[in-house]
Amino acid sequence: MANLSPMMKQYFDIKKQYPDTILFFRLGDFYEMFYDDAKLASRELDLTLTGRDCGQEERAPMCGVPFHSYETYLAKLVAKGYKVAICEQMEDPALAKGLVKRDIIRVVTPGTVLESSMLDESRNNYICSVYVRGNTAGVCFADISTGELYATVLTAELAEQLKNELSRYSPSEILVNSAVLDFTQLPDFIRNRLSASLELLEDGEYEQQKTTEEVQKQFGGKTLEDLELADKPELTAALGALFSYLHRTQRTGIERIASVQLYSGAQYMKLDLSARRNLELIETMRSKEKRGSLLWVLDKTHTPMGKRLIRTWMEQPLLSPAAISRRLNAVEELTGDAVLRDEIAEELSGIHDLERVMSRVVYGSANGRELRSLESTARRLPPLRSAIKGVQSQLLCSILENIDPLSDIADLVDRAIVEEPPFSLREGGIIRSGFSEELDLLKGDMSSGRGILADIEAKERERTGIPKLKVGYNRVFGYYIEVSNAYKEQVPPEYIRKQTLTNCERFITPELKDLEGRILGAHDKSVQLEHSLFEQVRKEIAGQMERVQHTAVAIAQLDVLLSFAQVSVDNQYTRPIVDMSGKLELRESRHPVVEALLNAPFVPNDVTLDKDENRVAIITGPNMAGKSTYMRQVALITIMAQIGCFVPAASARVGIADAIFTRVGASDDLAAGQSTFMVEMAEVADILKNATSNSLVILDEIGRGTSTYDGMSIARAVVEFVANKRTLGAKTLFATHYHELTVLEDLLDGVKNYNIACKKHGDDITFLRRIVRGGADESYGIEVAKLAGVPNKVVKRAKQILAELTSAAPAVPQSRKLAKQEEAVPLQMTLTPPGEAEALERLRQIDVNTLTPIECMNELFELAKMVKGGS
Ligand SMILES: Nc1ncnc2c1ncn2[C@@H]1O[C@H](COP(=O)(O)OP(=O)(O)OP(=O)(O)O)[C@@H](O)[C@H]1O
């Protein structure tokens, strides 16, 4: 090491401080990587591995990426979960005395990306911090590219709740203390399901005094009391550790996070991970695409801020009728005025990502083009304000109030920055003339110098008689006089030869060098001055952060409300009545997504659910009839109403639901080593434990994952549990193929049977898609199998077997082979099993309202055993 070159020593000094990062070491126009970093990067980025003399016997392995295109490479490494430390030259190499000073300006991690090319404008990029102690977790989510910070405290069922919160915000980086790792499935969930990088911080990072100081420093010295954090030590620890990590990695700009928004689960409808997934709110379950999700239908926003906010609103339906009404009033006002909608849309479509540009302004990385984008956005604000000037609804009025015209910023940018600034500051040309007298003088010097150059060229041509004599410039020799070989003989003796090329020679003269010094000196000075003027302008704008942020939030809200209004007009949605009645009455309601995807007309249906007579709807009907569609449609309409959007129905009354629980279809927890049935039961257990009488519960074919009688018993016990007001009494839609469960309408309070009608003509089946009262008579599974293209032979045989099962004697002729099989395995199952009469009798004698859920379940197992002959 003693023989290392000074530059390599400098490299090692810096690398030592950031051992867990890949170090991008700026050398001229490249970021170079050395040793293990170089080997890794050459593998991951497919770069050629070279070497560099470093004073040692062996050359140091090296690879590099060009400075002008480093973002592409950085993006790849960060996406793979690596941290990249950016080491810059801190002084101009041309002016440096000895080794150029270098230092780390930033460590880029998945959760701290600021480069616009690496961010998706339609979604936030959160870094999360979780601190768990005992039964409490402090959790916060920060997006440093927008300045948002949300925080909450969890106190029960931590593992599940953490999963819910994490999947809702979907952070790309998560900082945790060691206690979080005690939830053994969480790290896998974080890596596999969220594809987030997990960072375990040392216990010392959470030390109380340290975290308290970090939090207070971040929020301008406010006390924990002021911040409502005094009684939340776990949250303070999570926040403090987050800020200290951000300071370590970002160095500057953290002041962008100027406030924390505390939230609690009680503010929003509870939508757990499986409900969000099953209902396909943001993306489809299978292909994880936006198309086919509710977001796809509702998102007609025009600005990046609106695109991000609509997701947040959709995942956080409100619980307060007053707050929902405020949004609905605004949407109603906008739906009633097409001209107003068009005017707002036109202005919004010219608005850039104010939040992210502002972040880069504050972090000191915004370039001239981004400042110009602030200007062009600000120019849209006065017309936007005048478009909405006459609005009546409270929310639109407050939005109008919060949209600051930002004319001072627009004027400043206009005065300071040229209309089409270069991407980089290096060559100047960014500051408008007239902005700085000093700069104008320097530029004047440069251009008069250039004029003199032109004079010299003309003068020398005349003096020497060389018509093609040219004054040129290159980086190596500066200004020179070029003479082609044909005129070599005429070159005056005082010309000093500098370079010989194939067709010409280049010379310098003392006069030219003198002028060069003046021109280049003025150029360097003017570039430096432009740089500092630009920084001043950027700083001045950064000082207006709060005003810009408020405006950005107001624009986002306006954009989302306009989107709701436009979608409502386009799709003929109606304003729902949202109240605390607990009723759900929809007339002629439709599924917002299926109707948008279908080529055929969607058949509307009614829904009646309440807390009394109509608590539980048992829905039977053939496969493919539309049961799942109907149930999802009810859930989606409830969500749409509670986020303040109109709904696809002729009329709608939506009693506020505190939560929506769903148990639908297969889950992808199978990858985590659980069986289909196990996952199904775990989800059922979760629903039964967490739902309240104000929740909406959607259960699709509970029990189908196990044997018929086990499944039926469980399904029935679940219906009893949810229907019974003393155990739960939640509004429930329950789709099932166990037609036997329809007896519950007569046995239990609040249960009603429905079926989705269809017609059978011979072998063919027509789906009417209409929900009607009463249980279905048949499943028509075989007809659907035929429709789906199951080979005729199999369909025919299925019919034979069905006939056997439903009648005492086998009525169908059998081939010899089949007859043999059936001898070996006699078909004993019948649709009226032995013991059913006794079981039904026993059932009639039970008053389920007097039983606990466990007793209820036990009783049902007993009954099931009776029907199954004790097996
Ligand atoms: N009201 C409706 N109007 C028009 N088409 C509908 C309607 N409801 C459902 N469909 C169509 O029928 C298809 C099947 O519906 P769905 O999956 O809801 O049936 P299902 O009864 O749940 O079937 P299974 O019992 O096999 O799960 C949907 O993909 C949709 O295209």
Side-chain angles (χ1 to χ4, degrees), residues 274 277-280 284-287 289 291-294 296-297 571-573 586-608 617-637 640 647-650 652 662-667 676 680 683 697-705 708 711-712 715 732-742 753-760 764-790 795 798 802:
S274 44
R277 217 173 30 110
N278 290 333
L279 295 174
E280 306 192 307
T284 56
M285 212 164 14
R286 290 227 175 95
S287 54
E289 278 167 13
R291 188 188 152 79
S293 69
L294 184 62
W296 171 67
V297 175
N571 301 334
Q572 284 145 31
Y573 293 169
L586 310 178
R587 298 288 155 256
E588 303 277 297
S589 67
R590 290 119 50 200
H591 190 300
V593 183
V594 175
E595 81 166 342
L597 287 170
L598 269 187
N599 291 326
F602 188 91
V603 179
N605 272 307
D606 294 349
V607 180
T608 307
I618 295 185
I619 305 166
T620 43
N623 292 99
M624 271 290 287
K627 300 182 292 300
S628 309
T629 306
Y630 178 75
M631 294 198 299
R632 285 198 167 104
Q633 145 187 343
V634 175
L636 291 180
I637 287 176
M640 288 169 77
V647 298
T662 61
R663 166 56 230 163
V664 184
S667 151
T676 312
E680 179 183 336
E683 287 188 8
V697 178
I698 307 271
L699 299 168
D700 199 357
E701 295 187 41
I702 292 297
R704 71 167 169 189
T708 311
M712 203 191 309
T732 305
L733 294 170
F734 192 101
T736 184
H737 286 293
Y738 299 131
H739 294 176
E740 293 79 352
L741 293 186
T742 53
N753 290 329
Y754 291 89
N755 75 86
I756 303 201
C758 66
K759 263 192 194 154
K760 198 175 164 191
D764 291 326
I765 180 166
T766 311
F767 298 111
L768 301 177
R769 313 279 186 215
R770 272 271 173 206
I771 189 135
V772 290
R773 281 281 280 123
D777 44 355
E778 279 182 70
S779 275
Y780 301 104
I782 297 177
E783 284 74 6
V784 175
K786 186 178 159 199
L787 271 181
V790 171
V795 171
L802 180 66

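Counting starts at 1 for both ligands and their atoms, following the listed order. Here, residue 1 is the first one in the sequence, and each next residue gets the next number.
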Under 4.0 Å between heavy atoms, the region of Leu598 that gets near ligand 1 turns out to be side chain

Within the 4.0 Å heavy-atom cut-off, what Pro622 brings close to ligand 1 is backbone

- request: Determine whether the side chains of Asn755 and Thr620 contain a donor N or O and an acceptor N or O closer than 3.5 Å.
  value: no

Taking [Y]'s backbone N and O only, do any of them form a donor-acceptor pair with [X]'s side chain (distance below 3.5 Å, no angle check)?
X: Asn753; Y: Thr742; value: yes
X: Ser293; Y: Thr284; value: no
X: Thr736; Y: Tyr738; value: yes
X: Asn605; Y: Ser589; value: no

Heavy-atom nearest neighbour in the protein, as seen from [atom], with distance rounded to 0.1 Å:
atom: atom 22 (O) of ligand 1; value: Ser628 OG, 2.7 Å
atom: atom 19 (O) of ligand 1; value: Gly626 N, 3.1 Å
atom: atom 20 (P) of ligand 1; value: Lys627 N, 3.5 Å
atom: atom 27 (O) of ligand 1; value: Glu701 OE2, 3.8 Å
atom: atom 1 (N) of ligand 1; value: Val603 O, 2.9 Å
atom: atom 23 (O) of ligand 1; value: Met624 N, 2.9 Å

Step by step, would you call Arg590 with Tyr573 a side-chain contact (heavy atoms from CB on, under 4.5 Å)? CA-CA 10 Å; Arg590 290 119 50 200; Tyr573 293 169; 4.1 Å; yes

Min over Arg770, Arg769, Arg590 of heavy-atom distance to atom 13 (C) of ligand 1 lands on Arg769

To atom 18 (O) of ligand 1, the nearest of Asn599, Leu597, Thr629 on a heavy-atom basis is Thr629

One finds that the ligand 1 atoms under 4.0 Å from a non-hydrogen atom of His737 are 25 (O)

Residue pairs meeting salt bridge (Lys or Arg N to Asp or Glu O under 4.0 Å), one or both in residues 618-631, sequence neighbours left out, come to none

To the nearest 0.5 Å, atom CE of Met285 lies from atom CZ of Arg277 at 6.5 Å

Residue set satisfying salt bridge (charged side-chain N to carboxylate O under 4.0 Å, His left out) with Arg770, at least two apart, ordered chain then number -> Glu588

Is there a polar contact, in the sense of an N or O pair closer than 3.5 Å, between Tyr630 and ligand 1?
no

Hey, is ligand 1 close enough to Pro601 that some N/O pair sits below 3.5 Å? no

**ligand 1 contact by Ala625, heavy-atom criterion under 4.0 angstrom** = yes

Checklist entry - Given the protein's heavy atoms, is any one of them under 4.0 Å from atom 29 (O) of ligand 1? => result no

Gly626 and Arg769 have their tightest heavy-atom pair at N-NH1, 4.0 Å

